[in-house]
Every structure is written in structure tokens, then in C-alpha cells.
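In what follows, a single structure is set out as C-alpha cells and then discussed.
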There are 2 protein chains.
Amino acid sequence: MVRIADVARMANVSTATVSRVISNTGTVKKETAEKVLEAIKKLNYQPNMLARQLRRSETETILVVVPDITNTFFSAVLRGIESVAIENGYQVLLGDARNNVDTETSYLTILGQKKADGLILLTARTDQKILEELSHDYPVVLACEYYEGTQLPTVSIDNVSSARKATEYLISLKHKRIGHISGPLNVVVGRDRCKGFHQAMAKHGLSVDPSLVQEGEFSFESGFNLMMKFLSLEEPPTAIFAGNDEMAMGAVKAAKSKGVRVPEDLSVVGFDDIKFASIFEPALTTIAQPTFDMGQKAMHLLLKIINDEELEKNQFILSDKLIVRNSCKELTIDG
Amino acid sequence: MVRIADVARMANVSTATVSRVISNTGTVKKETAEKVLEAIKKLNYQPNMLARQLRRSETETILVVVPDITNTFFSAVLRGIESVAIENGYQVLLGDARNNVDTETSYLTILGQKKADGLILLTARTDQKILEELSHDYPVVLACEYYEGTQLPTVSIDNVSSARKATEYLISLKHKRIGHISGPLNVVVGRDRCKGFHQAMAKHGLSVDPSLVQEGEFSFESGFNLMMKFLSLEEPPTAIFAGNDEMAMGAVKAAKSKGVRVPEDLSVVGFDDIKFASIFEPALTTIAQPTFDMGQKAMHLLLKIINDEELEKNQFILSDKLIVRNSCKELTIDG
DNA sequence: ATTTTTAATGTAATCGATTACAATAAATGT
DNA sequence: ACATTTATTGTAATCGATTACATTAAAAAT
């Protein structure tokens with residue numbers, strides 16, 4: 001292992017001078033710097049980052065915890081985070097919570113251990129208190145998911161209004177018997193999208209049949225199963241708002257398996273606009289979240305916190321968009 | 001920041017003793033250990049990992065470089081890696097090469113900087129020499145992708161024979177005019193799958209029309225575009241073997257857009273068996289790779305190298321499986 | 001009771017950089 | 001020519017743990 005002392009010896013200078021050359025302080029004479037650079041090259045020297053990080057007490061690494069890395073929605077957000085991180089000399093440590101709260105929480109210790117300078121959470125299922133305390137001591141930013149009534153820096157869309165928008169789209173297509181396959185209600189975005197659904201229904205004077213609201217778990221399978229349940233109802237819904245695209249696809253699949261055509265017999269709208277939403281048949285009408293932008297914004301925020309800069313505000317709501325494709329159709333009397 | 005010295009002071013012992021308690025050497029008197037533990041709890045002390053790592057020169061972190069994190073094939077492999085990593089007290093640093101060789105290569109410096117104890121590459125596009133040299137100094141394992149004729153520890157499937165298998169399946173369905181949408185030929189798995197395709201054709205005495213072999217780039221779009229090209233041919237293929245599922249889906253979409261039915265008019269087989277392959281319509285016939293197992297195996301190998309254990313061998317070929325679904329059909333005279 | 005062995009703890013070196021402070025050399029001013 | 005300022009370099013402390021080695025205390029052996 002080549003150390004800074006080896007370089008210093010070869011270049012006939014002190015380690016301090018070598019260090020100055022490396023960190024480009026501009027206080028080293030040109031010829032000296034050249035000697036040092038040459039020695040570095042000759043020895044193929046690379047600074048030991050652990051030593052530097054210990055001394056400077058900074059790692060230039062940030063931790064990102066995602067609920068489920070196999071969901072392309074999150075990997076798209078990750079892309080946004082990574083782009084800004086790399087641009088600013090930061091590396092990304094990934095924690096995949098695998099949809100498990102305890103796994104999620106266990107990643108938080110990494111901050112205390114000084115293995116990362118900051119944290120971006122794409123999932124907010126850990127106890128709110130714990131996280132708020134953590135954020136007193138370390139830079140933390142939430143993205144996509146969030147807590148209610150918190151001062152934690154957050155970037156997300158307004159899930160309630162998006163869900164309302166999605167539901168109202170179905171209402172505008174004359175649907176009245178609209179079902180909702182929600183995400184898990186112990187995660188905010190599941191709750192908020194459910195809330196938006198109810199708001200839209202109420203706003204248009206439509207009653208919600210409790211049996212038409214079922215709690216899924218953001219997976220294809222849960223969407224499939226819950227749709228099956230709906231279909232076995234005496235009076236099945238004519239439209240479904242699903243809490244995310246995977247569940248929407250599951251619902252469509254279930255319908256098809258029962259000979260129910262989408263969109264002719266059943267309209268479905270999803271949420272997230274994942275990569276596959278447009279490939280799916282029928283192409284999914286869904287709410288597109290600005291994944292890349294959210295990632296970028298979250299990382300920019302985190303950088304500000306790390307650098308002790310003032311935040312203009314704590315909650316950033318980015319705008320989503322209803323993408324109309326082919327999974328919905330206006331309701332006609334005979335169906 | 002609470003340091004080990006603070007704990008030592010409070011417990012009225014030396015830092016050495018505290019350290020011994022933390023690392024559980026078993027050489028500390030029970031009552032002393034209790035005092036220390038109490039102090040740790042009271043101060044909410046967490047060891048500074050940077051300091052420990054510097055001293056022990058190990059990070060308990062491994063680096064995984066993937067070519068494209070938004071491809072669920074790779075996130076599935078990552079899951080396997082992570083599971084073994086966590087089990088063994090290792091953390092995973094993720095590098096997303098975003099399909100760019102330079103980005104991929106740039107991640108390799110992390111090893112020299114001592115920020116990770118080892119490396120698993122899910123992409124092998126960096127210059128082979130560079131990597132082989134790197135592997136003399138640091139633990140490196142390749143998974144999924146690999147180099148030809150190398151001693152680098154590798155875990156993968158036999159892409160040539162899998163591709164042969166896939167192609168022979170089409171041949172068994174009486175197809176003769178079979179096209180291949182290959183992956184990029186500058187990546188091994190692209191080349192090997194192409195090779196397997198040719199081998200199968202040759203073995204059954206079928207000639208390969210050069211215009212029926214086109215190089216894609218593993219993306220939906222490239223699959224779509226190249227299929228369009230095939231369809232505009234005077235005599236289009238009756239079957240397609242695509243280098244991965246995303247391209248296969250692109251091909252199917254292109255066919256459908258031209259009124260060509262799959263599988264009735266065109267048979268398509270993919271590769272990888274990603275999450276959506278079974279959801280796609282028609283459900284994709286494809287080669288399933290043992291993603292989770294490959295990830296686990298790769299991490300197990302890496303651990304052995306890190307712990308200086310002997311490797312029974314360097315190349316591990318795991319078995320794949322042809323999953324027959326609904327995207328292929330026997331060729332009939334009239335189509 | 002004294003020596004030997006073992007157990008428990010402490011002191012200080014160490015990991016490999018960075019950087020405050022000190023020292024020297026060169027440049028500028030008078 | 002000497003004082004002052006500025007540029008360049010070096011010395012040694014520091015980051016916060018771990019651990020080799022030294023020391024002391026307790027237990028076992030004679």
C-alpha cells in the first residue's frame with residue numbers, strides 16, 4: 001500500500017506539501033508541485049479516503065433508502081438523486097428496505113456511525129419521532145413519501161390532489177360506481193391517495209360503497225386479488241382507481257381473466273407512470289410523478305443542509321400530470 | 001459527538017477496556033463490562049466507523065456496479081447480493097453505470113480509495129486488462145456479464161447454450177425464417193446470445209439471412225425499431241429471438257402496430273424473464289435466469305475472497321430455464 | 001509464604017491522511 | 001542594507017477508534 005509518506009519521500013518534501021498538492025490549495029510552488037505529481041504518478045498513489053474522511057469528518061457519501069428497489073418508480077427517482085450526487089462529488093450508498101419497516105429503520109444507524117453525510121428516504125414508515133430526532137443531528141430529506149405535519153424537509157407531489165384528479169377524470173367519464181384499490185393505509189401515500197379518492201367522490205355528490213374500497217399492498221398480486229373480489233360482487237364497479245400502476249395492472253389482468261374488457265367494460269387508472277405503464281395493454285391512464293426531478297430536488301436539498309445553507313422552505317410539492325392513455329372509456333348506458 | 005473517551009471517563013476505565021467491551025473480546029470482567037455498557041447507553045454512544053475502519057483497514061462495505069438500475073433484471077440480482085451481504089454484516093454501495101462504460105470504470109477507483117472491501121460487477125464492459133489488474137489487488141467478482149478466457153471469478157449462466165436452447169425451441173415449432181435482435185455486440189452476453197443463435201441455426205441446417213440479424217441495445221425502443229425494419233422486408237421472419245425481454249416486448253409491440261399478430265403470425269422469445277414478462281401480453285416465452293441465486297452466489301464468492309479462503313473454482317455456471325408462455329406458436333403453411 | 005500462572009486493565013503506538021502553527025525563504029519597501 | 005511582508009515548506013497535533021505491549025491484581029501451584 002502506497003502512503004502519502006512514500007510520495008513525500010520520493011519527491012523530497014514533507015507530507016504536508018503532498019497533501020497540499022492533492023487538495024489543490026494553490027500554495028505550493030509550481031516546480032515542487034510537479035515533482036510531487038510525478039511521484040504520485042510513478043507510485044500510482046491514491047489517497048486513503050478513510051483517513052481523509054476521519055480527519056475531515058465527512059464521507060462524501062449519502063445514503064438512500066428505498067422501500068423496494070425492484071419497483072422501477074424508485075429506481076427512476078434514484079437516477080435523479082445519483083445524477084446530482086455525482087455532479088457534486090458524492091457517492092450513493094443504497095439501502096433496499098425490501099418493504100420491511102425494520103430493515104428500513106436499521107439503515108438509519110449508518111448515519112450515527114459516520115458512514116454517510118446525509119440521508120434521503122424514499123420511504124417514511126419508520127416511527128416519525130425517531131426520524132425527527134435523527135434529523136436534528138444529521139441531514140435528512142424525505143422524497144416521495146413523507147410524514148404529516150412535520151418540519152422534515154420533504155419533496156413530493158400532492159398525492160391527495162393527484163388522486164382527486166384521477167378520480168375526477170373517471171367521474172368526468174360518467175362513472176358513478178367507482179372502486180378504489182388503495183395502497184397500504186399505514187403508508188402516507190396510500191392514505192393520501194385514498195383520501196383524494198373520497199374527496200373527489202364527495203365533491204361530486206357520489207356515495208362510496210365501502211365494499212368498493214379495498215386495501216392492497218402496492219403489488220401486482222394484490223391488485224389482481226382485490227379486483228377479483230370486486231368482480232364477484234353483485235354489482236361490480238365500472239371503474240377503478242388504483243393506488244399505483246402495478247396494482248392497476250393486476251386489476252386489469254383480473255378483469256380480463258373474467259372476460260371483462262378494459263376499457264370497454266371497466267375503466268382503470270393507475271398511479272406513478274412507471275416504465276411499463278405505456279407498454280402494458282391497454283396502455284395505462286395514470287398519474288405521472290416527476291421522478292427524475294424529485295430525485296434531483298431531494299439531493300439538492302440535502303446538499304444545502306449538509307453545507308449549512310438556509311432552506312427557503314421545507315416542503316416542496318412538485319407537479320404531477322394525468323397521462324391519458326387507453327385504459328378508460330366513457331360509461332354508456334348499456335356498457 | 002460522543003467519543004469512546006467520554007464513555008471511558010464515565011465508566012472510570014480506559015478506552016482500551018471500552019473497546020474490548022464493544023468488540024466483545026470476552027476479556028473484560030463482568031462487572032466492568034456492565035459499567036461500560038451502562039455508560040454507552042446513557043451517553044447513547046455509537047462508535048465512529050471511520051476510525052474503526054481506518055485502524056482495521058476494512059470497511060464492511062462492498063461495491064456493486066450495475067449497468068442499469070432501472071432494469072428489473074439487475075435489481076433482482078441485487079436483491080440476492082444484498083441478502084447475503086446483510087447476513088454477513090456488509091453494506092452495499094451501489095454504482096449505477098447508466099449504460100455508460102466510462103461511468104462504470106470511474107466506479108473502480110472506490111476500491112483504491114479504500115471505501116469498499118470488494119466489488120461485484122454486473123457489467124463487464126471496462127477494459128479487461130484494467131479489471132484483471134484491479135483484481136490482483138482487490139477482491140472482485142463478476143456476475144451476469146463476464147470476460148472471455150479470464151480467470152476472474154465469475155458467476156453467470158451459459159448464455160451461448162441458453163440462446164441455442166431458445167432458438168431451437170423456435171425451430172422445433174417448424175420456424176425456418178428466424179430473425180435475431182441481438183444485444184450490443186460489444187457486450188459479451190450480446191455476443192454470446194448471438195453466437196448461440198447461429199449455432200442452433202447451423203446445427204439444424206438452417207441458413208441465416210444476414211438482414212435478419214440486427215444489433216439492438218437491450219432497450220424497448222431498439223427492439224421496436226428493429227422489428228419495424230424486419231417487417232418492411234420483402235420476406236419478413238416468422239419468428240424472432242430477442243436478446244432480452246425488453247427488446248422482445250418492443251418487437252411484439254412493433255408487430256402489433258403493423259397488424260401482425262403474436263403468436264399467430266409471429267413467434268417471439270425473449271431473455272431474462274423479468275418481472276413483467278409474465279404480465280405482458282402475450283405472456284413472453286423466455287429464458288429465465290436465476291437472478292436471486294446468482295446474486296447470492298456472487299456475494300458468497302466475494303466473501304470467500306475477502307476472507308482469503310480458497311475458491312474451489314473460478315467460473316460458476318448456474319442453470320437457466322426456458323419458460324414457455326404464449327408468445328410462440330407452431331408455424332403452419334398458411335400462417 | 002513465595003513463586004508462577006492467569007485474568008483484567010491501562011498506556012501509548014498506530015492506522016493515513018489533514019491542517020494549525022512554526023520556520024524559513026523570497027520579495028518588497030524604505 | 002535592513003525591516004517588513006508574503007510565499008513556501010516543514011513539524012507535529014489531530015481525527016477516534018483498535019491493539020501490542022506493559023502492568024497490576026487475583027488465583028493457582030509449590
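Lettering of chains follows the sequences in order, A, B, ..., and the numbering in each one begins at 1.
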For this session: Run the numbers on B/Ser75 and A/Thr70 for side-chain hydrogen bond (donor to acceptor under 3.5 Å, both in side chains), then give the verdict.
Result: CA-CA 5 Å; B/Ser75 46; A/Thr70 67; 5.5 Å; no
Assess whether a salt bridge exists between [X] and [Y], defined as any Lys/Arg side-chain N lying under 4.0 Å from an Asp/Glu carboxylate O.
X: B/Lys304; Y: B/Glu312; result: yes
X: B/Lys129; Y: B/Glu133; result: no
X: B/Glu38; Y: B/Lys42; result: yes
X: B/Asp68; Y: B/Arg98; result: no

Problem set entry | B/Leu301 CG to B/Glu309 CD distance, which is reported to the nearest 0.5 Å |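 With rounding to 0.5 Å, CG (B/Leu301) is 10.5 Å from CD (B/Glu309).
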For this session: Run the numbers on B/Arg125 and B/Glu145 for salt bridge (charged side-chain N to carboxylate O under 4.0 Å, His left out), then give the verdict.
Result: CA-CA 9 Å; B/Arg125 306 176 194 181; B/Glu145 293 189 14; 2.7 Å; yes
For this session: Tell me yes or no: between the side chains of A/Gln53 and A/Thr59, is some donor less than 3.5 Å from an acceptor?
Result: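 Short answer, no.
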Problem set entry | Bend angle of the helix from C/dA1-D/dT30 to C/dT30-D/dA1, end axes from five pairs each (to 10°) |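 So the angle between the two local helix axes works out to 50°.
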Exercise. Are any of the side-chain heavy atoms of A/Phe292 and A/Ser83 separated by less than 4.5 Å?
Worked result: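 Answer yes - side chains close enough.
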Problem set entry | Euclidean distance, atom CD of residue A/Glu58 to atom P of D/dG16 [Å, nearest integer] |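 Result: 14 Å.
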Problem set entry | Whole angstrom value for the distance that separates P of C/dA12 from CD1 of B/Ile4 |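 One finds 17 Å between P of C/dA12 and CD1 of B/Ile4, rounded.
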Problem set entry | Contact residues, residues 43-56 of chain A to DNA chain D [heavy atom, < 4.0 Å] |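 Contacting residues: A/Leu54, A/Arg55.
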For this session: Might you work through the side chain to side chain contact (heavy atoms under 4.5 Å, CB included) test for B/Ile110 and B/Leu93, ending with a clear yes or no?
Result: CA-CA 10 Å; B/Ile110 290 181; B/Leu93 189 67; 4.0 Å; yes
Problem set entry | Nucleic acid contacts - residues 8-40 of chain A versus DNA chain C, non-hydrogen atoms under 4.0 Å |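 Under 4.0 Å from DNA chain C: A/Ala16, A/Ser19, A/Arg20.
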